[in-house]
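Below, chains carry the letters A, B, ... as their sequence lines are ordered, and counting in each starts from 1.
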Protein chains: 2
Amino acid sequence: MSKKRQQLIDTALQLFYQRGINSIGINEILTVSGIAKKTLYNHFTSKEELVLAALKQRNDNFIAWLDMSLKEANTDIEVVNKLFNGLSAWFSNSAVELGSFRGCFFINTSAEFSDPSSKISQYCRDHKQQVRQLIAQHLSPSNSELLDTICVLKEGAITMAYVNHDLSMPAKCIKILEKLL
Amino acid sequence: MSKKRQQLIDTALQLFYQRGINSIGINEILTVSGIAKKTLYNHFTSKEELVLAALKQRNDNFIAWLDMSLKEANTDIEVVNKLFNGLSAWFSNSAVELGSFRGCFFINTSAEFSDPSSKISQYCRDHKQQVRQLIAQHLSPSNSELLDTICVLKEGAITMAYVNHDLSMPAKCIKILEKLL
DNA sequence: TTATTGGTAGACAGATCGGTATTCTTTCTG
DNA sequence: CAGAAAGAATACCGATCTGTCTACCAATAA
């Protein structure tokens, strides 16, 4: 649609993800993108709307990356390998589409917004649900136990990569899941 | 030591944990606690110092709660049960010492501070290390694989309880670990 | 008593916040 | 070419941020 609008979203996503939403003011997004304030408020009625657009952009990017990562993974063990090898690549900044790793944008954003009924918190929940669905599509159906296990290990691996600086969890998660299969 | 100082820390921890550090200003802490601004800057040189004191307070509370939760857990399976039943109680606000659940204060705080070399981010890492050590003390020694598994499941369960509003993970983690033992 | 300490209350400074309005220029379209 | 729309640049508004400072009060110690 509008080129300026997309530039704003791209700049906002980059800054919000790297430094946190409450730490980034509208003015910084404007100076970095080189776009006027009037133009921003022409496309978005408030900062919150821009935040939601950035979340949606990140969701689109992430789902596309995950879909590509899981492509042609048909057996459960293949899904596990491709998923956690993908996470490992993300953590070590080898997944260019996802940018420099600073944890999960949706976990981080949830942490900043305390009202769980806000649109922003709800969108973060939606994203996690979409990721879960995508993983489920590649797994043997009706194995919801395995799906739960994969999801909880995934969240743990992301959190430990960011907070603890422990990048070794994806490999360990694969070993855990091998034992369980 | 000083009574006012402790009141400030308690109020700050309550507000920071429930609403996030960047969302709470000094003035709100002062009006809620009923303490004068001069007194605050008598005890702390900056907001950052107060944040660090609040993190330390939360760490003390959490370690004490975890220590009590794991007391008399000597076999691995007992540790697993007590740990994840404890988490479940925390998530459903049955652990009074930990206050109303809003995720892990240290994960949330890490999400707000993007510089991983800041004192605040480092303290969050330290906390996770202390928790890991405490769990390790109750497990059979030199079983670092099990320790890793417990830790990654724990982080995943906390994240999913907060972001996804899924409180069922502790019970599922116990089942997973039963299979692995 | 007098001096000191630790507290309250609140004005103030300087910066930044999200958001609005104005003026001027560019660019696109009929 | 003419007119409309979009954008740039920037001043501005009221609110809020962290942190400093002054003035006053109460209790305590020398």
What residues form a side chain to side chain donor-acceptor pair (under 3.5 Å) with A:Ser117, not counting sequence neighbours?
->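 For A:Ser117 the side chain to side chain donor-acceptor pair (under 3.5 Å) partners, ignoring immediate neighbours, are A:Asp115.
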If you take all heavy atoms of B:Lys154 and B:Leu87, which pair is closest and at what distance?
->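 Nearest pair, atom of B:Lys154 first, then B:Leu87: CG-CD1, 4.0 Å.
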Starting at CG of B:Leu66, measure out to CG of B:Leu83 and round the result to the nearest 0.5 Å.
->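 One finds 6.5 Å between CG of B:Leu66 and CG of B:Leu83.
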Rounded to the nearest 0.5 Å, what separation is found between the NE2 atom of B:His138 and the OG1 atom of B:Thr75?
->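 Answer rounded to 0.5 Å: 11.5 Å.
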Can you list every pair that meets salt bridge (Lys or Arg N to Asp or Glu O under 4.0 Å) and has a residue in [range], with sequence neighbours left out?
range	answer
residues 62-75 of chain B	none
residues 14-32 of chain B	B:Arg19-B:Glu28
residues 38-62 of chain B	B:Lys56-B:Asp60

Identify, with sequence neighbours excluded, every residue that meets side chain to side chain contact (heavy atoms under 4.5 Å, CB included) alongside B:Ser144.
->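 With sequence neighbours excluded, B:Ser144 shows a side chain to side chain contact (heavy atoms under 4.5 Å, CB included) to no residue whatsoever.
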Any residue of residues 109-120 of chain A with a heavy atom less than 4.0 Å from an atom of DNA chain D |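 None, since no heavy atom is under 4.0 Å.
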Let me check something: any side-chain donor-acceptor pairs from residues 168-181 of chain A under 3.5 Å, sequence neighbours excluded? List them with distances.
residue	atom	partner	partner atom	Å
A:Ser168	OG	A:Asp166	OD1	2.6
A:Ser168	OG	A:Lys172	NZ	3.0
A:Lys172	NZ	B:Asp148	OD2	3.1
A:Lys179	NZ	B:Glu145	OE1	2.7

Canonical and wobble pairing (Watson-Crick, G-U, under 3.5 Å) of DNA chain D, dot-bracket with | = ||||||||||||||||||||||||||||||
How would nucleotides 6-23 of chain D be written as a contact map, 5' to 3', with B for base contact, S for sugar-phosphate-only contact and - for no contact, using protein heavy atoms under 4.0 Å?
-> -SBBB-------BBBBB-
Looking just at side-chain N and O atoms, do A:Asp10 and A:Gln6 make a donor-acceptor pair shorter than 3.5 Å?
->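 Yes, side-chain donor-acceptor contact under 3.5 Å.
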Going by atom types only, do A:Asp126 and A:Gln122 share a side-chain donor-acceptor pair under 3.5 Å?
->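 No, no side-chain donor-acceptor pair sits under 3.5 Å.
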May I ask you to decide if [Y]'s main-chain N or O and [X]'s side chain share a donor-acceptor pair within less than 3.5 Å?
X	Y	answer
A:Tyr162	A:Cys104	no
B:Gln18	B:Ser100	yes
B:Asn22	A:Gly20	no

Got a sec? Which of residues 9-19 of chain B come in under 4.0 Å of DNA chain C, heavy atoms?
->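 The stretch gives none, as no residue of it lies under 4.0 Å from the strand.
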Name the first nucleotide and the last nucleotide along DNA chain C (5' to 3') that come under 4.0 Å of a heavy atom in chain B.
->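 It runs C:dG7 to C:dA9.
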Tabulate below the donor-acceptor pairs under 3.5 Å that side-chain atoms of residues 90-99 of chain B make, not counting sequence neighbours, or state none.
residue	atom	partner	partner atom	Å
B:Ser92	OG	B:Ser88	O	3.0
B:Ser92	OG	B:Ala89	O	3.3
B:Ser92	OG	B:Ser94	OG	3.4
B:Asn93	OD1	B:Phe101	N	2.7

